[in-house]
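Take a look at the structure set out below.
For reference, positions follow the sequence shown, starting with 1. We count ligands from 1, going down the list as the structure has it; atoms in each ligand are counted the same way.
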Amino acid sequence: MFEVNMKPRRLADLASVVPPDRLDRLENRVGPGMREQMDGAQIINVNSTASGGGVAEMLHVLLPLTLGVGLNTRWFVLEGDPEFFTLTKRLHHRLHGNKGDDGHLGEQEAAVMQRVAEANFPTLLAAITPGDVVILHDPQTAPLAGMLAAHGVPVVWRCHVGVDHDNLYTEEAWEFLRQFLYGNVGEYVFTRPSYAPDWVAPDRLRIIKPSIDPLAPKNEELSEADILGALSGSGIIAGPGFGDAGFVRADGTRSPFTIQADIVREGGPPPADTPLVVQVSRWDPLKDMAGGMQAFAEHVADRTDAHLMLVGPSTAQVSDDPEGQSVLEGIEAQWRALPQDVRERIHLVSLPMDDPEQNGALVNAIQRHAEIVAQKSLAEGFGLTVTEAMYKAKPVVASAVGGISDQIDDQVSGVLVADPRDLEAFGRAVVGLLRDPDVRERIGAAAHRRVVDVYLPDTSLDLWNEAVLSAIRHTRT
Ligand code: UDP
């Protein structure tokens, strides 16, 4: 287990995007209340990766803000081996209602989870002082709950995944997790009420929506010159190259764009004025990049002049997601089988993760340059990529699954496709938007407003405060 270094985010920094009454509330009521209640005790977060994927992204948003309001927040990352991450990926799939691989979730698997937790626990325990609360994120951390409870430490377990309708796979996964969590967790936090298993008592269940950091390199304003420089320099589109293109890091310094994308394509990069349909996701079957590509090839390519860009992290670099490489290979094989003229308009882009801030800034540039952002997911706990695109006033076409349905009001702040497997409907929605600039603009503007109203981080701080206090209460009683 290792600790992630964080710098406080000053509340005043948010003044350019968060309305003053909300900041004032945070500064003068929520913040002082939280400081008084915690009285210097630490709030220690544990998850399984410091970068790549939505959970790391959310922690990078929220935790610096809690430091900024004067709380003693820390972030540790649990380390595991390939056997462990293969198993937790299986759990991830089953919690989404899918089989994933053929493996079991039995005693042997529980022992693997326990072994990894035991190896990580000493570092965590050494950091804990009396009065502290630990927030564990997602299934990977579940066995730590019992170890912490045995030491009298209040535990919040935050689950970022789930599906609305249970099936045999979700039931199997929840039964497996129950042995680690039940009786050891003071407070459970989910993204949607329907995601919680029925053995979570209602008085221990809290719903908190994720949020994005509007000032992070991933979301900050970028000039047109920075966007074109970043995208052409990295090889994603044609153009002048990096030049002076840069972005502002979290510490306020400006950095040049330097990274090269790894791109599977035929022919050259698209010119800057080619309309792009973009999906940014981990290479995960549930993100259904393959379905998005097929929908584009069959229902969009011959009706528009757009190109499709499927963008994901470099597959060697997301340690808690061992499946990425094989998923990308599968998509590449499918791409190779397409007719050449369609192939030339589909680009498979992998972005290096060595410098997460620059990776984020490049994602930002890609999202801002997109004409339309797609999220073709078959299941989605929340879908931060949707929030990120909406904040950038992009019209999003997405499957009406999980948290995406909460974010997008169909035809108002985005376009929802009711059946995630209906490729024709997906293609039709994309073509409709590509052909109508007025609708794109109207939906984009509404999307931006929705994110400012609901998904900026100040909105969830007091809910987190309540979750922590409730965990303390439940642990003492
Ligand atoms: N992401 C990224 N670089 C990439 C691909 C994805 O930074 O190359 C980020 C993306 O911008 C988003 C997060 O990873 O912030 C994915 O979160 P989401 O909730 O959409 O899905 P998850 O990966 O958690 O299932």
Query raised in the report: Any idea which part of V363 is under 4.0 Å from ligand 1, heavy-atom wise: side chain, backbone, both or neither?
Result: side chain
Report task. Check if G360 has a non-hydrogen atom at a distance under 4.0 Å from any atom of ligand 1. Result -> no
Report summary line: Distance col, row E323:CD vs L328:CG, nearest 0.5 angstrom, shows 12.5 Å
Report task. For G383, counting its heavy atoms only, list the atoms of ligand 1 lying under 4.0 Å from any of them. Result -> 19 (O), 20 (O)
Report task. Mind checking whether V386 contacts ligand 1 via backbone (N, CA, C, O), side chain (CB onward), both or neither, at a 4.0 Å heavy-atom cut-off? Result -> neither
Query raised in the report: Do V311 and ligand 1 have an N or O pair less than 3.5 Å apart?
Result: no
Query raised in the report: Between E388 and ligand 1, which residue portion shows a heavy-atom distance shorter than 4.0 Å: side chain, backbone, both, or neither?
Result: side chain
Query raised in the report: In terms of atom number and element, which parts of ligand 1 are under 4.0 angstrom from non-hydrogen atoms of G312?
Result: 8 (O)
Report summary line: Value for CD (Q375) from CD (E388), rounded to nearest 0.5 Å, stands at 9.5 Å
Requested in this report: Enter the distance from L215:CG to R9:CZ here, rounded to the nearest 0.5 Å.
Outcome: 4.5 Å
Query raised in the report: Starting from atom 3 (N) of ligand 1, which protein heavy atom do you reach first, and at what distance in Å?
Result: N359 OD1, 3.0 Å
Report summary line: Note: heavy atom closest to atom 20 (O) of ligand 1, options V349, T385, I404, belongs to T385
Report task. Please report which non-hydrogen protein atom sits nearest to atom 24 (O) of ligand 1, along with the residue it belongs to and the distance in Å to one decimal place. Result -> G54 N, 2.8 Å
Report summary line: Residue, atom and distance of the protein heavy atom nearest atom 23 (O) of ligand 1 read R282 NE, 2.6 Å
Report task. Could you grab the distance from atom CG of L463 to atom NZ of K209, nearest 0.5 Å is fine? Result -> 10.5 Å
Query - D284/K89 ion pair, N-O < 4.0 Å - result: yes
Report summary line: protein heavy-atom neighbour closest to atom 19 (O) of ligand 1 works out as L384 N, 2.9 Å
**Report entry** N45 and H137: side chain donor to acceptor below 3.5 Å
**Finding:** yes
Query raised in the report: When rounded to the nearest 0.5 angstrom, what is the spacing between CH2 in W174 and CG in L105?
Result: 12.5 Å
Query raised in the report: Any idea how F190 and Y188 line up, ring-wise: parallel (<30°), tilted (30 to 60°), or perpendicular (>60°)?
Result: parallel
**Report entry** CZ on F76 to CD1 on I44, rounded to 0.5 Å
**Finding:** 5.5 Å
Query - Under 4.0 Å to a heavy atom of E57 - the qualifying atoms of ligand 1, by number - result: 15 (O)
Query - Nearest-neighbour protein heavy atom for atom 8 (O) of ligand 1, which is reported as residue plus atom name and distance - result: P313 N, 3.1 Å
Query raised in the report: Cut-off 3.5 Å, side chains only: do S399 and E380 have a donor facing an acceptor?
Result: no
Query raised in the report: Which is it for R254 and D226 under the salt bridge (Lys or Arg N to Asp or Glu O under 4.0 Å) test, yes or no, and what are the steps along the way?
Result: CA-CA 12 Å; R254 186 173 160 91; D226 285 333; 2.9 Å; yes
Query raised in the report: Which one holds for L286 and ligand 1: side chain close, backbone close, both close, or neither close, with close meaning a heavy atom under 4.0 Å?
Result: neither
Report task. Select one of side chain, backbone, both or neither to describe which atoms of K287 lie under 4.0 Å from any atom of ligand 1, heavy atoms only. Result -> side chain
**Report entry** Protein heavy-atom partner closest to atom 9 (C) of ligand 1 - residue, atom, separation in Å
**Finding:** K218 NZ, 3.6 Å
Query raised in the report: When you measure from atom 6 (C) of ligand 1 to every protein heavy atom, which one gives the shortest distance, and what is it?
Result: V280 CG1, 3.7 Å
